[in-house]
Structure formats: C-alpha cells, structure tokens
Amino acid sequence: MLAPRLTGRRIIAVQFFARRVLRGRPRQVAARLEGTTVQAVRRHGKFIVIELDGGLVLTLHLGMTGTLLWDAAPGPHTRAVFRFPHGRLLFDDPRQFGRIELGDSLPERVTRLGPDALSISPEDFAGRLRQRRGIIKPVLLNQTVLRGLGNIYTDEALFRARIHPRAIAARLRAERLRRLHGAIQEVLHAAVRAGGSSISDYVDAEGRQGLFQFEHRVYGRTGEPCSVCATPIRRIVVAQRGTHYCPRCQRL
DNA sequence: ATCGGTACCTGCACGC
DNA sequence: TGCGTGCAGGTACCGA
C-alpha cells in the first residue's frame, strides 16, 4: 500500500525521464517537489492524488500500462523516480499513456469527473444514466458520468447485471439499473480484494500480481463457455474497445 | 453540450 | 528466424 508507506515522509529528490508523461518542465517540477512532505495519499477515480505541504498536489494516472514500484531497479520504462529517506518510488510506463502533474490544487480534469463508482448511491447512479443518450458501455466508461470504471470491470459488471453492452442507457428500467449498480460494487470490491487484474505483467508496488483475472467471467474469455449458460463468450467492438459478453445472458 | 472517431506510444502474440 | 498485422487495464482532442 502506498499511503502508509509515503505518508509523513519527505521527498528527497525527483528525476523525470519521460517526454510526454510529465505535464510541465522536469527541472521545475522536481525542484518544487524536493523537500516537501507527503500529507496524504488518496484515490480519485483512476487518479492517485498525493497531497504535499503548502497545498501542493501531485496527481498520477497510470494510463494503460503504468506501474508504481517500490525499491525496484530502474529500467528502460522508468519515467520518474521519487527518492525518499527509506526507499524510492518508481513510475514505470512502457506506453507513456500515464500522466504526472503537479499543481496548487486538484486539476480541473480531475475535479470535473463524476462521483466515484464505489461510493455513488443507487439513486444518483440511476439518475445519471437516465440523463444519457448513448449506449451503456461507453456511458459507463465516461469518467465524467462516473469515475473509476475501465474496460475490464465494465464488461464484468454488465455480464453480472445481464445487460447487453449496446443497451441504451436511458432506456434501462429501474430494476436493471439497481442490478447494474450492485454488480459494479461487487466487481470492484472483488477486484480490490484480489489485488486487481494482472493481464500481462502488471504488479503492485511490491511487485505482486493481482489475481482478479482468474475471476473474470467474460473479459479475455472469447469462445469459452459462459459460466452461467455455457454459450460461447463473444467479443465485439463497442466504442472502439474490445467488448466481451454472453450473447444469451445479455440480450438487447 | 455531447457524440464518435482518431491520435498518442510500445510490446507482445500470432500467422505466414 | 523474421516480418507484418492486430491488439492492449486510457484519455484528449477533433469536427460534426
């Protein structure tokens, strides 16, 4: 866990190695960070928010391939190193879709996001989805509607709620919306418990793999029998994202 | 204001 | 073996 490890600790030195991962100038950002103490570490949807002295806020996003590693050896994909008295935090990211940003407050791109998927009430959830025109999957992926859901967990939640990924969001009945809200909670809690999904080589800060991929019921299981009805899981493309579902359990 | 499509990157699995 | 292709836990930006 990052929070207990970093909270109360002083950043001694910072180095950036990436062209596009850091928003801002490397030397400038490093200079502002060095000597500050971590006050708190929070999650805001998919963003990691590190609060520092004097209201400084360091915001991290891991993108698709980012990893935070504690006391690991820097490698070719190390984009930033934060040195502490008791060790160092590495930001590794092969594809450089991750972002690091330092500011005097949470950036607007972060504050404007919708309520967190893990704390939204069923009523607020239903209200927000009913306001949307589009199909359900891209709506769930839209972080300004709801923050925290990505491609894997959206597919998994829709399967558990028995809703087709192309269903029209605004037309879902109240009962189905309640089921979807519950499925999202279930999937996210189970994923957190299992340490996330290690699809290729994803690991936590300690280098441990997640185990939730073994609990995936549709994601990455194209052609395998559905765990409920044995119909082969199908893969389609929705909103340019690979989408996995059971054609029998999830009807339009 | 909200959409769908595209761009941004690199690595890997697969088929020929 | 080597090469081309398609695919990948995401977001930002473009024009419609």
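Please read these numbers as outputs of a predicted model, since none were measured by experiment. Residue numbers start from 1 in every chain, and the chains themselves are labelled A, B, ... in the order their sequence lines are given, proteins ahead of strands.
- The side chain of A/R235 sits closest to C/dC7 out of C/dC7, B/dT10, C/dT11.
- A/L141 has its CG atom 13 Å from the P atom of C/dA8, to the nearest Å.
- No engagement by A/R147 is indicated, since no non-hydrogen atom pair under 4.0 Å with the nucleic acid exists.
- Between the side chain of A/R160 and the backbone N or O of A/A183 there is no donor-acceptor pair closer than 3.5 Å.
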5'-to-3' dot-bracket of DNA chain C (Watson-Crick, G-U; under 3.5 angstrom; crossing pairs as [ ]; | other strand): .|||||||.|||||||
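- Looking only at distances, a side-chain donor or acceptor of A/T243 sits under 3.5 Å from a matching main-chain atom of A/R241.
- Nucleotide C/dG10 holds its C1' atom 12 Å from the CD1 atom of A/I152, rounded to whole Å.
- Whole-Å rounding puts the A/Q143 CD to C/dT11 P distance at 5 Å.
- The pair A/E206-A/R208 meets the salt-bridge criterion, since a charged nitrogen lies less than 4.0 angstrom from a carboxylate oxygen.
- Counting to the nearest Å, the P atom of C/dG10 and the CG atom of A/D155 are 10 Å from each other.
- The NE2-C1' distance, from A/H244 to C/dA8, rounds to 10 Å in whole Å.
- The distance from atom CG of A/L62 to atom C1' of C/dT11 is 13 Å, rounded to the nearest whole Å.
- We find that CZ of A/R128 is positioned 15 Å from C1' of B/dT2, with the value rounded to whole Å.
- Of the possible polar contacts, one joining the A/T65 side chain to the A/R95 backbone as a donor-acceptor pair under 3.5 Å is found.
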Base-contact (B) and sugar-phosphate-only (S) positions in nucleotides 3-9 of chain B, heavy-atom cut-off under 4.0 Å, - elsewhere: S-BB-BB
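- No more than 12 heavy atoms of other residues, nucleotides or ligands lie within 6.0 Å of CZ in A/R162, so this atom counts as exposed by the packing criterion.
- Atom P of nucleotide C/dG10 and atom NZ of A/K46 are separated by 4 Å, given to the nearest angstrom.
- Contact check on A/R221 versus A/D155 returns no salt bridge, with no Lys/Arg side-chain nitrogen under 4.0 Å from an Asp/Glu carboxylate oxygen.
- With A/H181 contributing its side chain and A/I120 its backbone, the two residues share a donor-acceptor pair below 3.5 Å.
- Of the residues near DNA chain C, A/R109 and A/T65, the one whose nearest nucleotide (by heavy atom distance) lies more toward the 5' end is A/T65.
- Surrounding CZ of A/R176 are more than 12 heavy atoms belonging to other residues, nucleotides or ligands, all under 6.0 Å away.
- One P atom belongs to B/dC9, the other to C/dC14, and the distance between them is 15 Å to the nearest Å.
- Between A/H77 and B/dT10, a side-chain N or O to OP1/OP2 separation shorter than 4.0 Å is absent.
- Ring pair A/H86/A/W70 is tilted by interplanar angle, where 30° to 60° counts as tilted.
- Between A/R241 and C/dG10 there is a side-chain N or O to OP1 or OP2 distance below 4.0 Å.
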